[in-house]
2 protein chains.
Amino acid sequence: MKGESSKPDKAGPARTKAGTIARGQTIYKADAEGGAWRVLSGTVRLDQPGPDGLQFAGMAVTGDVIGAETLLFGRYTFTARALSACVLEPWCADRAEPSGQLLLGMLAATEERMAEVLALRSGKAGERVRRLFEFMTGGLTRGGRAAKLALPRLKDIAEITDLSVETVSRTISHLGAEGTLEVSGRYRARHVTAESVFGVRS
Amino acid sequence: MKGESSKPDKAGPARTKAGTIARGQTIYKADAEGGAWRVLSGTVRLDQPGPDGLQFAGMAVTGDVIGAETLLFGRYTFTARALSACVLEPWCADRAEPSGQLLLGMLAATEERMAEVLALRSGKAGERVRRLFEFMTGGLTRGGRAAKLALPRLKDIAEITDLSVETVSRTISHLGAEGTLEVSGRYRARHVTAESVFGVRS
DNA sequence: CGGGGTCTTGATCTCAATCAACCAATGTGG
DNA sequence: CCACATTGGTTGATTGAGATCAAGACCCCG
């Protein structure tokens with residue numbers, strides 16, 4: 001799970017084994033054949049092919065299953081890309097039909113997710129970005145403090161929150177400057193500490 | 001299914017029979033007990049109770065099932081309100097477990113829906129409103145031309161598209177004036193004809 | 001009749017988009 | 001290892017779409 005071409009967009013042979021995906025890598029492409037995956041860690045962005053390129057269509061975070069539609073159609077509906085480094089494992093690889101209870105749970109989780117992602121597109125720029133980081137770190141539900149979040153590319157943040165890249169750049173530095181966020185590193189090594197993200201929730 | 005209190009927010013006894021819901025009526029409230037429903041016609045808005053009131057969390061259109069999470073939890077996760085007049089019928093009322101295939105289909109449909117609703121929050125005001133109307137009339141997939149769409153309250157349109165009520169009001173008159181949309185009636189009797197909505201898609 | 005919710009319209013202001021450079025990292029091939 | 005191209009991120013100046021504030025009209029209901 002890494003000997004693949006380094007070009008993110010070269011659709012290599014469909015992945016079939018568990019493994020790590022680097023930030024920015026395409027996990028699978030819409031319309032390709034393949035199976036479902038569980039996200040063991042990291043965050044994934046889902047896009048729908050549209051008339052003008054790929055369009056943001058959803059997100060998956062640690063614990064979620066992506067590509068479940070392949071159990072029905074055999075092909076992926078969306079394109080999946082890793083926002084931060086991800087660990088994936090095949091889910092339901094044997095095509096054994098998952099139980100109704102399980103599927104109902106996934107359905108409910110998907111609807112919850114929808115609500116959260118939708119909320120990332122309302123409010124002021126600072127709010128949106130902060131909520132995205134919270135969402136990516138698992139919100140307040142985690143016990144572990146001070147988790148470091150590796151930032152996705154600004155372009156991804158921009159498309160998810162429906163802001164421009166420039167605004168996102170300015171917003172992050174601003175949040176860092178006023179102490180709302182603790183930003184460390186630059187470029188591909190940029191992180192924010194979850195602790196400070198949590199802290200805002202008063 | 002109508003002898004209930006006319007106050008939309010008085011949570012009467014849980015609905016158990018098929019019937020029509022008027023525009024603006026609350027179908028069920030988050031946390032209440034009840035079952036799942038299939039939307040035979042009309043559109044529904046789903047909201048999540050948040051710190052500052054209800055927050056827009058999703059939509060359901062003709063053919064969708066709402067409240068499926070009750071099969072798992074027994075209670076509704078969201079509050080559902082009719083955007084336009086709706087006809088509903090109980091779904092899976094006997095609590096018989098629906099088949100895996102069916103649930104997978106619903107899961108896929110929900111993800112598709114998520115992508116569409118998300119798209120309603122990007123682009124310029126005119127785009128958003130127009131796409132919402134398209135979405136509510138079933139997009140381009142319907143054969144029947146010239147279907148009339150009863151408009152939801154401007155406040156609902158505003159919250160769905162993340163615009164202000166004033167902007168929505170101005171946008172609709174503007175779209176009507178320039179011929180992009182055919183608007184008829186005023187206030188609660190306002191409609192747009194789907195034909196012209198379709199027409200725009202060049 | 002009132003009165004509250006809904007819609008419209010106008011004037012003003014603000015936040016973020018846009019346009020335009022520029023720099024910093026990474027990657028490529030000679 | 002160095003020139004070069006490409007991608008990703010930053011920063012500044014300007015603009016514009018839509019938010020906000022305010023007032024009034026309309027509708028529906030009791």
Side-chain angles (χ1 to χ4, degrees), chain A residues 4-10 22-26 45 53 81-84 120-130 132 150-178 181 183-192, chain B residues 4-10 22-26 53 81-85 120-130 132 150-178 181 183-192:
Chain A
E4 297 191 347
S5 158
S6 59
K7 291 249 191 63
D9 282 331
K10 265 283 181 305
R23 185 182 98 140
Q25 292 286 323
T26 298
R45 154 185 184 169
R81 274 189 40 235
L83 289 172
S84 48
L120 297 177
R121 282 168 170 242
S122 69
K124 297 236 189 286
E127 280 281 294
R128 298 189 193 191
V129 171
R130 205 175 49 67
L132 172 62
L151 289 200
R153 296 184 336 203
L154 295 198
K155 194 178 176 219
D156 286 314
I157 301 180
E159 284 170 17
I160 292 170
T161 55
D162 193 38
L163 297 168
S164 71
V165 212
E166 294 95 327
T167 300
V168 173
S169 174
R170 285 186 251 261
T171 301
I172 292 178
S173 359
H174 185 243
L175 289 177
E178 71 175 18
L181 232 59
V183 189
S184 64
R186 311 190 74 196
Y187 299 91
R188 308 205 183 169
R190 196 137 59 137
H191 292 256
V192 297
Chain B
E4 299 191 345
S5 156
S6 60
K7 291 249 188 65
D9 283 329
K10 265 281 182 306
R23 184 181 98 143
Q25 292 286 323
T26 298
R81 272 186 44 235
L83 288 172
S84 48
L120 297 178
R121 283 170 168 238
S122 69
K124 298 237 187 288
E127 280 282 292
R128 298 190 193 191
V129 172
R130 206 175 48 67
L132 172 62
L151 288 200
R153 294 185 335 201
L154 295 198
K155 195 180 175 216
D156 286 315
I157 301 181
E159 283 170 18
I160 293 170
T161 54
D162 193 39
L163 297 168
S164 70
V165 215
E166 295 94 327
T167 300
V168 172
S169 174
R170 284 187 252 261
T171 302
I172 292 178
S173 1
H174 185 241
L175 289 177
E178 72 176 19
L181 231 59
V183 188
S184 62
R186 311 191 76 196
Y187 297 89
R188 310 204 181 169
R190 197 139 56 140
H191 292 256
V192 297

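Letters A, B, ... mirror the listed sequences (proteins, then strands); counts begin at 1.
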S.K.: Is there a donor-acceptor pair closer than 3.5 Å between any side-chain N or O of R121(B) and the backbone N or O of I160(B)?
M.R.: yes

S.K.: I need the minimum non-hydrogen distance between S84(A) and A150(A), along with the two atoms involved.
M.R.: CB-O, 3.9 Å

S.K.: Roughly how many Å is it from CG in L163(A) to C1' in dC15(C), rounded to a whole number?
M.R.: 11 Å

S.K.: Return the nearest nucleotide to the side chain of R23(A); candidates are dT10(D), dG9(D), dC15(C).
M.R.: dG9(D)

S.K.: Would you kindly give the CD-to-C1' distance between E159(A) and dA17(C), to the nearest whole Å?
M.R.: 15 Å

S.K.: Using heavy-atom distances to pick each residue's nearest nucleotide on DNA chain C, tell me which of S173(B) and R153(B) is more 5'.
M.R.: R153(B)

S.K.: Please report the distance, rounded to the nearest Å, between NZ in K155(B) and C1' in dG5(C).
M.R.: 10 Å

S.K.: To the nearest 10 degrees, how far apart in direction are the end axes of the helix from dC1(C)-dG30(D) to dG30(C)-dC1(D), each fit to five base pairs?
M.R.: 50°

S.K.: Does D156(B) reach a base, just sugar-phosphate, or nothing at all? Heavy atoms under 4.0 Å.
M.R.: nothing

S.K.: Tell me: CG of L175(B) to P of dT8(C), nearest whole Å?
M.R.: 13 Å

S.K.: Ignoring hydrogens, what is the shortest heavy-atom contact between G126(B) and L175(B)? Give both atom names and the distance.
M.R.: O-CD1, 4.0 Å

S.K.: Which pair of heavy atoms, one from S164(A) and one from A158(A), lies closest together, and at what distance?
M.R.: C-CB, 3.9 Å

S.K.: Taking all heavy atoms of S169(A) and all of L154(A), pick out the closest pair and write down the distance.
M.R.: CB-CD1, 3.7 Å

S.K.: Given R45(A) and D156(A), is the salt bridge (Lys or Arg N to Asp or Glu O under 4.0 Å) satisfied, shown in steps?
M.R.: CA-CA 8 Å; R45(A) 154 185 184 169; D156(A) 286 314; 2.6 Å; yes

S.K.: Regarding dC19(C), can its base be found pairing with the side chain of E166(A) as donor and acceptor, where the two atoms are less than 3.5 Å apart?
M.R.: yes

S.K.: How close or far is atom C1' of dA19(D) from atom CD of E127(A), stated in whole angstroms?
M.R.: 16 Å

S.K.: In whole Å, I'd like the distance from the NE2 atom of H174(A) to the C1' atom of dT10(D).
M.R.: 16 Å

S.K.: I want to verify a distance call: between dT9(C), dT10(D), dG18(D), whose nearest atom is closest to the L154(A) side chain?
M.R.: dT10(D)

S.K.: Would you say T167(A) reaches dA16(C)'s phosphate, i.e. side-chain N/O to OP1/OP2 under 4.0 Å?
M.R.: no

S.K.: Would you mind telling me which of dG18(D), dA16(C), dT20(D) lies closest to the side-chain atoms of K124(B)?
M.R.: dG18(D)

S.K.: Looking only at heavy atoms, which two atoms of T171(A) and A125(A) are closest? And how far apart?
M.R.: OG1-CB, 3.7 Å

S.K.: Regarding R128(B), tell me which of base, sugar-phosphate or nothing describes its non-hydrogen contacts under 4.0 Å with the strands shown.
M.R.: nothing

S.K.: Would you check if the side chain of R128(B) reaches a backbone N or O of I157(B) as a donor-acceptor pair within less than 3.5 Å?
M.R.: no

S.K.: Examine dT18(C): is either OP1 or OP2 under 4.0 Å from a nitrogen or oxygen in the side chain of S164(A)? Give yes or no.
M.R.: no

S.K.: Let me know the distance between CZ of R190(B) and C1' of dC26(D), rounded to the nearest Å.
M.R.: 12 Å

S.K.: Whole-Å distance between dT6(C) P and I157(B) CD1?
M.R.: 13 Å

S.K.: Across the strands shown, which category fits R170(B) at heavy-atom distances under 4.0 angstrom: base, sugar-phosphate, nothing?
M.R.: base

